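All remarks here apply to the structure that follows.
A quick note: this is a predicted structure, and the numbers were derived from the prediction, not measured. Counting convention: from 1, in listed order, for ligands and their atoms alike.
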Amino acid sequence: MTTTDRQGQAILEAQGIGKYFQVGGGFKPKRLRALNEVSFALGQRQVVALVGESGSGKSTIARLLVRLMEPSTGKILFRGRDILQEEPRQASLDYRAQVQMIFQDPFGSLNPVRTIGEHLERPLLIHGKAKSDAELRDRVNELLETVDLRPAAELAARYPHQLSGGQRQRVAIARALAPGPSVILADEPISMLDVSIRVGVLNLMERLKEERGISYLYITHDIASARYFADRTMVMYAGHIVEGAPSEELMQQPAHPYTQLLLSAVPDPNGSMKNELKAKSGAPKLIDPPPGCPFADRCPSAMAVCRQEMPGTTQLEQNRWVRCHLYGQGATLGTVGTQGQSATDPGIANVAARRLEEAR
Ligand SMILES: Nc1ncnc2c1ncn2[C@@H]1O[C@H](COP(=O)(O)OP(=O)(O)OP(=O)(O)O)[C@@H](O)[C@H]1O
Ligand SMILES: [Mg+2]
């Protein structure tokens, strides 16, 4: 069981949520552990980033929170309400209005034969936000102006292919805003956009946070953008959240050896770190995962215990925590790995091991 990553009053909270998928057909389908009992909370007007390599379970978390699928374990609390227990349609509609999602590919999430206006009318109608055609038109125009798409009436009449990638993502944001949400789950919202317009979209999301009190779970491969946009950053590895900290502190002084590796693998501010990380590693086993820490095989500081049991949570400072045996056994921030150097450097591993020996 992990400590919940939370600061202050929670608006949306995951308690021990896990997800297993059946994969492979035939007589012996296998169980893939995509997510293993993760806990965290989003506060009001808070941005929490979720970073980690491909397949670590980031989108699975977002899909569970937005109820595109049900978790295998755990609870989801919205303003303290256990929403998985709420079946009546109205309660569920209310939750869907409050917790919205934005996807990576704005083109894929827009219907090519519908105008931009029609895309925005639908959620407004479903969630009862307009009572007449005139009001509906006004609401659509307001939404477009909120996301800086002007002249609104002209944009509303266009089709998705008549917009640029950045404009399409702004439409997706406007659509998410239509029901009046308090939480937006943004799954790599800028990674398919041209580099030059990414900051504009993040700034828009930031402004909506201030103006409308929206909280975000911001999923990204781009750790530099997490530093720019997110108050806190959580790091995922193979279905576990292994570290949570204020973004700036995490970048300055990563605690977990995996976080150190992630930061050492940010070669190019424009690119994702997917390929870089793949090159450095074998993927962790999600089907029949071995006991212990899933990062042990790649970890330069791995000890015997790391292959035997998953570490619990160690509180490093009031608002920082990590799941790593090094810290459970006495290491402190700054004694594991070395900032600025590659965490795969065997020299660092040796130093960390020696310090640990000394600490015992
Ligand atoms: N519907 C599904 N059926 C079977 N396996 C799935 C399903 N959805 C996700 N998975 C598996 O669960 C694991 C986590 O997937 P997820 O999409 O959450 O990763 P991610 O961190 O979002 O990766 P990426 O950065 O590539 O988007 C992966 O191994 C994936 O193959
Ligand atoms: Mg994903």
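Applying the side chain to side chain donor-acceptor pair (under 3.5 Å) test between R320 and each of Q315, Q253, E243, E249 identifies E243 as the sole match.
Counting the atoms of ligand 1 from 1 in the order shown, those under 4.0 Å from a heavy atom of T60 are 14 (C), 15 (O), 16 (P), 18 (O). Shown in contact with A34 at under 4.0 Å from a heavy atom are these atoms of ligand 1, numbered in order with element: 12 (O), 13 (C). Using a 4.0 Å cut-off to heavy atoms of L286, the atoms of ligand 1 that qualify are 29 (O). Under a 4.0 Å criterion applied to the non-hydrogen atoms of L32, ligand 1 contributes the atoms 11 (C), 12 (O). Heavy-atom contacts of S59 reach the following atoms of ligand 1: 17 (O), 18 (O), 20 (P), 22 (O), 27 (O) (cutoff under 4.0 Å). Counting atoms of ligand 1 from 1 in the listed order, those under 4.0 Å from a heavy atom of V23 are 4 (C). Taking every heavy atom of H221 and a limit of under 4.0 angstrom, the matching atoms of ligand 1 come to 25 (O). Of all atoms in ligand 1, listed by their number and element, those nearer than 4.0 Å to a heavy atom of S56 are 19 (O), 21 (O).
In terms of polar-atom proximity, Q22 is not counted as a contact of ligand 1, lacking any N or O under 3.5 Å from an N or O of the ligand. Residue G55 has at least one nitrogen or oxygen atom sitting less than 3.5 Å from a nitrogen or oxygen atom of ligand 1, judged on distance alone.
For the pair R33 and Y20, the NZ or CZ position fails the cation-pi test of under 6.0 Å to the six-membered ring centre and within 45 degrees of the ring normal.
Under 4.0 angstrom from ligand 1, there are no non-hydrogen atoms of M236.
Among the atoms of S59, an N, O or S atom falls under 2.8 Å of the Mg ion (ligand 2).
Ion pair R227/D222 not flagged as a salt bridge, since none of the NZ, NE, NH1 or NH2 atoms sits closer than 4.0 Å to an Asp/Glu carboxylate oxygen. For D187 and R63, the salt-bridge test fails: no basic side-chain N is under 4.0 Å from an acidic carboxylate O. Between R96 and D94 no salt bridge is recorded (no basic side-chain N to carboxylate O distance below 4.0 Å). Classification of K30 and D288 as a salt-bridged pair fails, no side-chain N sitting under 4.0 Å from a carboxylate O. Between E53 and R298 there is a salt bridge, with a side-chain nitrogen of the basic residue lying less than 4.0 Å from a carboxylate oxygen of the acidic one.
Crowding of R207 atom CZ: a count of heavy atoms from other residues, nucleotides or ligands under 6.0 Å exceeding 12.
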Determine, stepwise, if the pair Y159 / E118 fulfils side chain to side chain donor-acceptor pair (under 3.5 Å). CA-CA 10 Å; Y159 288 88; E118 286 169 338; 5.6 Å; no
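Remark: distances from the non-hydrogen atoms of E188 to ligand 1 include one below 4.0 Å.
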